[in-house]
*Asks:* 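To start, I am sharing the structure in question, which I have written as structure tokens.
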Amino acid sequence: MPELPEVEIIVNDLRCELIGRKIQDVQTDWPKYFQLPKSEAAFRTCVIGRVITGVDRRAKNVLIRLEGGHLLLVHQKISGRLIVGNWERTKRLIGSTGSTHSLWQPVTSAASTHQPAGRFIHLVFELDDGRQLALSDLRKFAKVLCGPRDAILNLDEIRRLGPEPLDPRFTFSDFKRLFEGRTGRIKPLLMNPNFIAGIGNIYSDEILYAARIHPLGRVDQLAEPRLRSLYRSMKAVLRKAIRLRGTGIEGSRGSPAGYDKVRMVYHQKLCPKGHVVHRIRASGRSAHFCPVEQKLYRHAST
DNA sequence: ACAATATCCTGCGAGC
DNA sequence: TGCTCGCAGGATATTG
């Protein structure tokens, strides 16, 4: 879901809202969210009472810095959205079994009424100003971790992450080096977080169109000019998406996503040049591309 | 080594 | 209207 641009926007918004706030309570109806510490009780002990001192991003992870050198990591996965607002907890009956789920509903009169993502809230951090940091997450794939900063940053899943594409220190020669000894298709490689961080299904399609590279192109056949084009397109598309406040979602402060208006191929019928966009499945995901401008070059037959 | 698939979940829209 | 089916923006484990 949120890819690098959307997470970057959320992080920037949250930074304004959260710095200086103290976390006073944690509530959830889905304790599976807690990956570290795994038990709800231990997780609560880890975060409750701590003041938020910063909000950063690494790949698609939201890193909330806490007093005492702790880090609260949230990965929103496909459907997660971190939002700040006001909700009340009620109970909802599930089926005929008599079991109940929690349900958070917007406090009427609050601005949060206007947040569509306010549905499907399953995790809430109570703040000391009466507001809440909430995770809306229809599919419940998100995960949260808390611990000493070094312990979190040294987790395999964080250490293994590829470079940040928008890091100014990430040069073309760094990018080129990533491809050394690699084979396979370009789209799944771009989406591999351990190859390069933050690029998902939407922006891999957009970047490949901008670079005029077929999603199934073989990475070992990309000559240097193609790689250079890919490098430039990657930076340009991601920066533009951030500037336009992302795709399909709203930041927690409400300005609407603007990249949708300039999307070139993802969920588009026609590309900017008017060609029909094709949709195929590539490694289990949908890939959108323009067959006219993104040729799958191959020598002879077989 | 790579590629395709299953998996964690649930709502929604399309098509019948 | 009501049902079933396929689809959904992530990342990993498993299998071929």
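All chains are named by letter (A, B, ...) in the order of the sequence lines, taking the proteins before the strands, and each is independently numbered beginning at 1.
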*Asks:* Whole angstroms only, please: what is the CZ-P distance between Arg279(A) and dC7(C)?
*Replies:*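 Going from CZ in Arg279(A) over to P in dC7(C) covers 8 Å.
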
*Asks:* Can you find a side chain N or O atom of His75(A) that sits less than 4.0 Å from OP1 or OP2 on dG10(C)?
*Replies:* no

*Asks:* Report the distance from atom CG of Asp137(A) to atom C1' of dA8(C), rounded to the nearest whole Å.
*Replies:* 13 Å

*Asks:* Kindly point out which of dG10(C), dT12(C), dG11(B) is positioned nearest to the side chain of Pro193(A)?
*Replies:*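 The listed nucleotide nearest to Pro193(A)'s side chain is dT12(C).
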
*Asks:* Which parts of nucleotides 1-8 of chain B does protein reach within less than 4.0 Å, heavy atoms only, written one letter per nucleotide 5' to 3' as B for base, S for sugar-phosphate only and - for none?
*Replies:* SSS-B--B

*Asks:* Quick one: Leu155(A) CG to dT12(C) P, roughly how many Å, whole number?
*Replies:*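 Result: 12 Å.
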
*Asks:* Using Watson-Crick and G-U wobble pairs with both distances under 3.5 Å, what is the 5'-to-3' dot-bracket string of DNA chain B, with [ ] for crossing pairs and | for pairs outside the strand?
*Replies:* .|||||||.|||||||

*Asks:* In whole angstrom, what separates His288(A)'s NE2 from dA8(C)'s C1'?
*Replies:* 11 Å

*Asks:* Are any of the side-chain nitrogens in Asp156(A) or Arg159(A) under 4.0 Å away from the carboxylate oxygens of its partner?
*Replies:*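 Counted as a salt bridge, because a side-chain N and a carboxylate O are separated by less than 4.0 Å.
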
*Asks:* Between Arg58(A) and Glu164(A), is there a side-chain N and carboxylate O pair less than 4.0 Å apart?
*Replies:*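 Here Arg58(A) pairs with Glu164(A) in a salt bridge, since their nearest N and O are under 4.0 Å apart.
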
*Asks:* Between Asp129(A) and Arg131(A), does a salt bridge (Lys or Arg N to Asp or Glu O under 4.0 Å) hold up when you go through it step by step?
*Replies:* CA-CA 6 Å; Asp129(A) 62 357; Arg131(A) 295 183 307 163; 3.0 Å; yes

*Asks:* Considering only heavy atoms from C-beta outward, does the side chain of His214(A) approach that of Phe289(A) to under 4.5 Å?
*Replies:*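 In contact.
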
*Asks:* For the pair Glu8(A) and Lys60(A), find out whether any cationic side-chain nitrogen is under 4.0 Å from an anionic carboxylate oxygen.
*Replies:*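 No salt bridge links Glu8(A) with Lys60(A).
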
*Asks:* Please list all pairs meeting salt bridge (charged side-chain N to carboxylate O under 4.0 Å, His left out) that have one or both residues in residues 230-241 of chain A, counting only residues at least two apart or in different chains.
*Replies:*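 Matches after skipping sequence neighbours: none remain.
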
*Asks:* Taking the same atom, P, in dG11(B) and in dA11(C), what whole-Å distance lies between them?
*Replies:* 23 Å

*Asks:* What's the OH-C1' distance between Tyr33(A) and dA11(C), to the nearest Å?
*Replies:*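 Tyr33(A) atom OH is separated from dA11(C) atom C1' by 16 Å.
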
*Asks:* Of all residues at least two apart in sequence or in a different chain, which pass the side-chain hydrogen bond (donor to acceptor under 3.5 Å, both in side chains) check with Arg65(A)?
*Replies:*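 side-chain hydrogen bond (donor to acceptor under 3.5 Å, both in side chains) list for Arg65(A), sorted by chain: Asp56(A).
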
*Asks:* As a test of reading the structure: which of dG11(B), dA8(C), dG9(C) is closest to the side chain of Thr247(A), going by heavy atoms?
*Replies:*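 For the Thr247(A) side chain, the nearest candidate turns out to be dG9(C).
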
*Asks:* Would you kindly give the CG-to-C1' distance between Leu73(A) and dG10(C), to the nearest whole Å?
*Replies:*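 Going from CG in Leu73(A) over to C1' in dG10(C) covers 14 Å.
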
*Asks:* Identify, with sequence neighbours excluded, every residue that meets salt bridge (Lys or Arg N to Asp or Glu O under 4.0 Å) alongside Arg44(A).
*Replies:* Asp25(A)

*Asks:* Donor-acceptor pairs under 3.5 angstrom involving side-chain atoms of residues 202-213 of chain A: please list them, not counting sequence neighbours.
*Replies:*
unit_1, atom_1, unit_2, atom_2, d
Tyr203(A), OH, Glu6(A), OE2, 2.6
Tyr203(A), OH, Thr247(A), OG1, 2.6
Ser204(A), OG, Lys187(A), NZ, 3.0
Ser204(A), OG, Gly200(A), O, 2.8
Ser204(A), OG, Asn201(A), O, 3.1
Asp205(A), OD1, Lys187(A), NZ, 2.6
Asp205(A), OD2, His288(A), N, 2.9
Asp205(A), OD2, His288(A), ND1, 2.8
Glu206(A), OE1, Tyr259(A), OH, 2.7
Glu206(A), OE1, Met264(A), N, 2.9
Glu206(A), OE2, Met264(A), N, 3.3
Glu206(A), OE2, Val265(A), N, 2.9
Glu206(A), OE2, Tyr266(A), N, 2.9
Tyr209(A), OH, Glu293(A), OE1, 3.1
Tyr209(A), OH, Glu293(A), OE2, 3.1
Arg212(A), NE, Glu293(A), OE1, 3.1
Arg212(A), NH1, Tyr209(A), O, 2.7
Arg212(A), NH2, Glu293(A), OE1, 3.1

*Asks:* Evaluate the criterion side chain to side chain contact (heavy atoms under 4.5 Å, CB included) for residue pair Leu190(A) and Leu230(A); output intermediate values, then yes/no.
*Replies:* CA-CA 10 Å; Leu190(A) 274 187; Leu230(A) 183 58; 4.3 Å; yes

*Asks:* Taking the P atom of each, how far is dG6(C) from dT5(B), in whole Å?
*Replies:* 15 Å

*Asks:* OP1 or OP2 of dG9(C) sitting under 4.0 Å from any side-chain N/O of Tyr203(A)?
*Replies:*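 No, because none of the side-chain N or O atoms of Tyr203(A) sits under 4.0 Å from OP1 or OP2 of dG9(C).
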
*Asks:* Is the phosphate of dG10(C) approached by Ser79(A) (side-chain N or O, under 4.0 Å from OP1 or OP2)?
*Replies:*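 Looking at the OP1 and OP2 atoms of dG10(C), neither is under 4.0 Å from any side-chain N or O of Ser79(A).
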
*Asks:* When the distance from CG of Leu190(A) to C1' of dG10(C) is rounded to whole Å, what number comes out?
*Replies:*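 Leu190(A) atom CG is separated from dG10(C) atom C1' by 15 Å.
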
*Asks:* Considering just the side-chain nitrogens and oxygens of Asn194(A), establish if one lies under 4.0 Å of OP1 or OP2 belonging to dT12(C).
*Replies:*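 Answer yes for this pair, as a side-chain N or O of Asn194(A) is under 4.0 Å from OP1 or OP2.
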
*Asks:* Atom CG of Asn192(A) and atom C1' of dG10(C): how far apart are they, to the nearest Å?
*Replies:*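 In whole Å, dG10(C) C1' lies 12 Å from Asn192(A) CG.
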
*Asks:* Taking the side chain of Glu3(A) as its heavy atoms from C-beta onward, which of dT12(C), dG9(C), dA11(C) lies nearest to it?
*Replies:* dG9(C)

